[in-house]
A.B. asks: 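Before anything else, here's the structure in question.
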Amino acid sequence: MAGRYEISDNGWALIEDIVSPPQRTGRPRRDDRQVLNGIFWILCSGAKWRDLPERYGPWKTVYDRFRQWRDDGTFETILARLQLRLREDGLMDLDTWMIDSTSIRATRAASGGGKKGHQEPVDHALGRSRGGLTTKIHMVCDRHGWPLTFTLSPGQDSDTRHFIPAMEHVHLPGTRGRPRKRCRHIVADKGYDSDSLRPYCDRHRMKPIIARRKMKRKPRPGAPRGFDKSRYRERNIIERCFGWVKELRRVCTRYDKLASSFRAMVCLACIDRCLRADFSECARRSLVAQDTN
């Protein structure tokens, strides 16, 4: 039985081949599931790496394994596997997506990292706003609150500037055909009301459901755009998705100096969210449907 902050047996069965491939030669590795549970403990508790409990092994081993999986794209591969499973089981909505951003307060210790070896200054998605040192998470989720993708930016950047990069980052693999990159309806708040974003949506055959700002505009020829109020009322789903992700203390406050480390923590938070899906129930229902047919 899995303990607190630890991955369940069903969740481990989904990702075991990615995290713990068979080892044929070399020195025996420490148990990958134990190490991954230690990383999740750091993610959920917000503690320092040196404060890792002894039951997960040496903290340096866990930290080095985190850096290895961060650099080789293991976390992104796990998230893609879970998104594929959500799509196969019919739990993911491919018709309506939401996009929004949230600001993450960064501690003083998070500044000043990764400057060696760079001729130009590196911001590491860390900027200054009214709240001090902050980082913005721009996230896209579906109608059920499953995270699809995210990008990071300094806290002072506007939302409209990162709308197109976030949408271009969506890459949902499927069992057949090309990966899914677009939806039919994209829902966003007034912060994304820009004349440059709507032609982008038209070009990719997406209907933007974006609230208009109260300001003077030049009259445009043609019929006015329709506004789907019923779909816009569902925009609270992206807010709830941020609430679920920011319950993990390593995400609600940024302690990492490098943007790559904080991006890995946010990716782990999305993995933790996707692992909450009841895949076993979906598999059981599919088997029952096959037997009845």
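A quick note: this is a predicted structure, and the numbers were derived from the prediction, not measured. Starting from 1, each residue takes its place in the sequence as its number.
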A.B. asks: Please evaluate residues Tyr200 and Glu168 with respect to the criterion side chain to side chain donor-acceptor pair (under 3.5 Å), reporting the C-alpha separation (whole Å), side-chain torsions for both, the decisive distance (0.1 Å), and the verdict.
C.D. replies: CA-CA 11 Å; Tyr200 170 82; Glu168 292 291 335; 2.8 Å; yes
A.B. asks: Looking at Arg161, I'd like to know if its CZ atom is crowded, meaning that more than 12 non-hydrogen atoms belonging to other residues, nucleotides or ligands lie closer than 6.0 Å.
C.D. replies: no
A.B. asks: Just wondering, do Trp49 and Val62 contact through their side chains at under 4.5 Å, heavy atoms?
C.D. replies: yes
A.B. asks: Mind running side chain to side chain contact (heavy atoms under 4.5 Å, CB included) on Arg205 and Arg182 for me, showing each step along the way?
C.D. replies: CA-CA 8 Å; Arg205 298 180 180 180; Arg182 301 288 182 263; over 6 Å; no
A.B. asks: Suppose we screen for ring-ring contact (aromatic ring centres under 6.0 Å, His included). Which residues come up paired with Phe163, at least two apart in sequence or across chains?
C.D. replies: Tyr192
A.B. asks: Would you say that Arg50 contacts Tyr63 through its side chain, given a criterion of any heavy-atom pair below 4.5 Å between the two side chains?
C.D. replies: no
A.B. asks: As an exercise, state the distance from SG of Cys141 to CZ of Arg143, rounded to the nearest 0.5 Å.
C.D. replies: 12.0 Å
A.B. asks: Let me see the working for Lys207 and Asp228 under salt bridge (Lys or Arg N to Asp or Glu O under 4.0 Å), right down to the final yes or no.
C.D. replies: CA-CA 10 Å; Lys207 181 179 180 181; Asp228 194 340; 5.1 Å; no
A.B. asks: Quick one: does any side-chain atom of Lys190 pair with a main-chain N or O of Ile210 as donor and acceptor, under 3.5 Å?
C.D. replies: no
A.B. asks: Would the distance check show the side chain of Asp89 and the main-chain N or O of Leu91 forming a donor-acceptor pair, the cut-off being under 3.5 Å?
C.D. replies: no
A.B. asks: Stepwise, does the side chain to side chain donor-acceptor pair (under 3.5 Å) test hold for His169 with Thr149?
C.D. replies: CA-CA 7 Å; His169 201 259; Thr149 189; 2.5 Å; yes
A.B. asks: Considering residues, nucleotides and ligands other than Glu54, do more than 12 of their heavy atoms fall under 6.0 Å from its CD?
C.D. replies: no
A.B. asks: Test Arg263 against Asp256 for salt bridge (Lys or Arg N to Asp or Glu O under 4.0 Å), laying out the working first.
C.D. replies: CA-CA 9 Å; Arg263 185 179 295 107; Asp256 302 285; over 6 Å; no
A.B. asks: Apply salt bridge (Lys or Arg N to Asp or Glu O under 4.0 Å) to the pair Arg276 and Asp272, showing each step before the final yes or no.
C.D. replies: CA-CA 7 Å; Arg276 296 175 182 270; Asp272 180 74; 3.5 Å; yes
A.B. asks: Okay, side chain of Thr96, backbone of His185: is any donor-acceptor separation there less than 3.5 Å?
C.D. replies: no
A.B. asks: Quick one: pull up OG in Ser153 and CD1 in Ile137 and give me the separation to the nearest 0.5 Å.
C.D. replies: 9.5 Å
A.B. asks: Using only atom types and a distance under 3.5 Å, with no angle test, would you say the side chain of Thr77 pairs donor to acceptor with the backbone of Gly73?
C.D. replies: yes
A.B. asks: Please report the closest heavy-atom contact between Gly11 and Leu275, naming both atoms and the distance.
C.D. replies: CA-CD2, 3.9 Å
A.B. asks: Would you check if the side chain of Asp142 reaches a backbone N or O of His144 as a donor-acceptor pair within less than 3.5 Å?
C.D. replies: yes
A.B. asks: Cationic tip of Arg273 within the cone over Trp146's six-membered ring, i.e. under 6.0 Å and within 45° of the normal?
C.D. replies: yes
A.B. asks: Determine whether His138 and Asp159 make a side-chain contact, defined as any pair of heavy atoms from C-beta on separated by less than 4.5 Å.
C.D. replies: yes
A.B. asks: To check you understand the geometry: which heavy-atom pair defines the closest contact between Gly145 and Cys241, and what is its length?
C.D. replies: O-SG, 3.5 Å
A.B. asks: With a 6.0 Å cut-off (strictly less than), is the heavy-atom count around CZ of Arg184, excluding the residue itself, greater than 12?
C.D. replies: no
A.B. asks: Donor-acceptor pair, Arg254 side chain versus Leu133 backbone, under 3.5 Å?
C.D. replies: no
A.B. asks: Is the side chain of Glu234 donor-acceptor paired with the backbone N or O of Ile238 at a distance under 3.5 Å, no angle test?
C.D. replies: no
A.B. asks: Under 3.5 Å, side chain of Arg33 to main-chain N/O of Ile7, donor-acceptor pair present?
C.D. replies: yes
A.B. asks: Might you work through the side chain to side chain donor-acceptor pair (under 3.5 Å) test for Thr102 and Lys246, ending with a clear yes or no?
C.D. replies: CA-CA 10 Å; Thr102 184; Lys246 293 173 73 173; 3.0 Å; yes
A.B. asks: Does Trp41 reach the side chain of Arg250, with side-chain heavy atoms less than 4.5 Å apart?
C.D. replies: no
A.B. asks: Would you please test Met139 and Leu148 for side chain to side chain contact (heavy atoms under 4.5 Å, CB included) and show each step?
C.D. replies: CA-CA 8 Å; Met139 184 172 291; Leu148 305 181; over 6 Å; no
A.B. asks: Hey, could you give me the CG/CE distance between Leu94 and Met92, rounded to the nearest 0.5 Å?
C.D. replies: 7.0 Å
A.B. asks: Quick one, Ser8 with Asn10, criterion side chain to side chain donor-acceptor pair (under 3.5 Å). Give me CA distance, side-chain angles, the key distance, then yes/no.
C.D. replies: CA-CA 5 Å; Ser8 63; Asn10 294 332; 5.4 Å; no
A.B. asks: Contact between Ile104 and Phe262 at the side-chain level, heavy atoms closer than 4.5 Å - yes or no?
C.D. replies: yes
A.B. asks: Can you get from Trp244 to Val187 by hopping between Ile, Leu, Val, Met, Phe, Trp and Tyr side chains that sit under 4.5 Å apart?
C.D. replies: no
A.B. asks: Could you give me the CA-CA distance, side-chain angles and deciding distance for Asp17 and Arg81, then say whether salt bridge (Lys or Arg N to Asp or Glu O under 4.0 Å) is met?
C.D. replies: CA-CA 11 Å; Asp17 59 326; Arg81 168 72 63 81; 3.0 Å; yes
A.B. asks: Go through it in stages, so that I can follow the logic: the residues are Leu43 and Phe40, the test is side chain to side chain contact (heavy atoms under 4.5 Å, CB included), and I'd like the CA-CA distance, side-chain angles, deciding distance and then a yes or no.
C.D. replies: CA-CA 5 Å; Leu43 171 70; Phe40 272 107; 3.9 Å; yes
A.B. asks: Kindly indicate whether the side chain of Met167, heavy atoms from C-beta on, has any atom under 4.5 Å from the side chain of Ile186.
C.D. replies: yes
A.B. asks: Yes or no on side chain to side chain contact (heavy atoms under 4.5 Å, CB included) for His162 and Ser101, after CA distance, side-chain angles and deciding distance?
C.D. replies: CA-CA 9 Å; His162 295 273; Ser101 67; over 6 Å; no
A.B. asks: Cut-off 3.5 Å, side chains only: do Ser45 and Arg249 have a donor facing an acceptor?
C.D. replies: no
A.B. asks: With no hydrogens and no angle check, is any side-chain donor or acceptor of Gln34 less than 3.5 Å from a backbone partner on Arg55?
C.D. replies: yes
A.B. asks: Can you tell me how far apart NE2 (His124) and OG (Ser111) are? Round to the nearest 0.5 Å.
C.D. replies: 11.0 Å
A.B. asks: What are the two closest non-hydrogen atoms of Pro154 and Lys136, and how far apart are they?
C.D. replies: O-CB, 4.1 Å
A.B. asks: So, taking the atom named CG in Leu268 and the one named CD1 in Ile271, what distance separates them when rounded to the nearest 0.5 Å?
C.D. replies: 5.0 Å
A.B. asks: Establish whether Val170 and Phe150 are linked, either directly or via other cluster members, by ILVMFWY side-chain heavy-atom contacts under 4.5 Å.
C.D. replies: yes
A.B. asks: Please examine the side chains of Arg29 and Ser20, heavy atoms only from C-beta on, and report whether any two atoms are closer than 4.5 Å.
C.D. replies: no
A.B. asks: Under a 4.5 Å cut-off applied to non-hydrogen side-chain atoms, are Asp95 and Cys183 in contact?
C.D. replies: no
A.B. asks: What closest approach, in Å, do Trp12 and Leu36 show between heavy atoms, and which atom pair accounts for it?
C.D. replies: CZ3-CD2, 4.1 Å
A.B. asks: Where is the tightest heavy-atom contact between Thr151 and Pro165, given as atom of each residue plus distance?
C.D. replies: CG2-O, 4.4 Å
A.B. asks: About how many Å separate CG of Leu79 and SG of Cys270, when rounded to the nearest 0.5 Å?
C.D. replies: 6.0 Å
A.B. asks: Parallel, tilted or perpendicular: which describes the rings of Trp69 and Phe75, with under 30° parallel and over 60° perpendicular?
C.D. replies: perpendicular
A.B. asks: Look only at the side chain of Gln83 and the backbone of Leu172, and say whether a donor-acceptor pair between them is shorter than 3.5 Å.
C.D. replies: no
A.B. asks: If you take all heavy atoms of Val245 and Ala269, which pair is closest and at what distance?
C.D. replies: CG1-CB, 3.7 Å
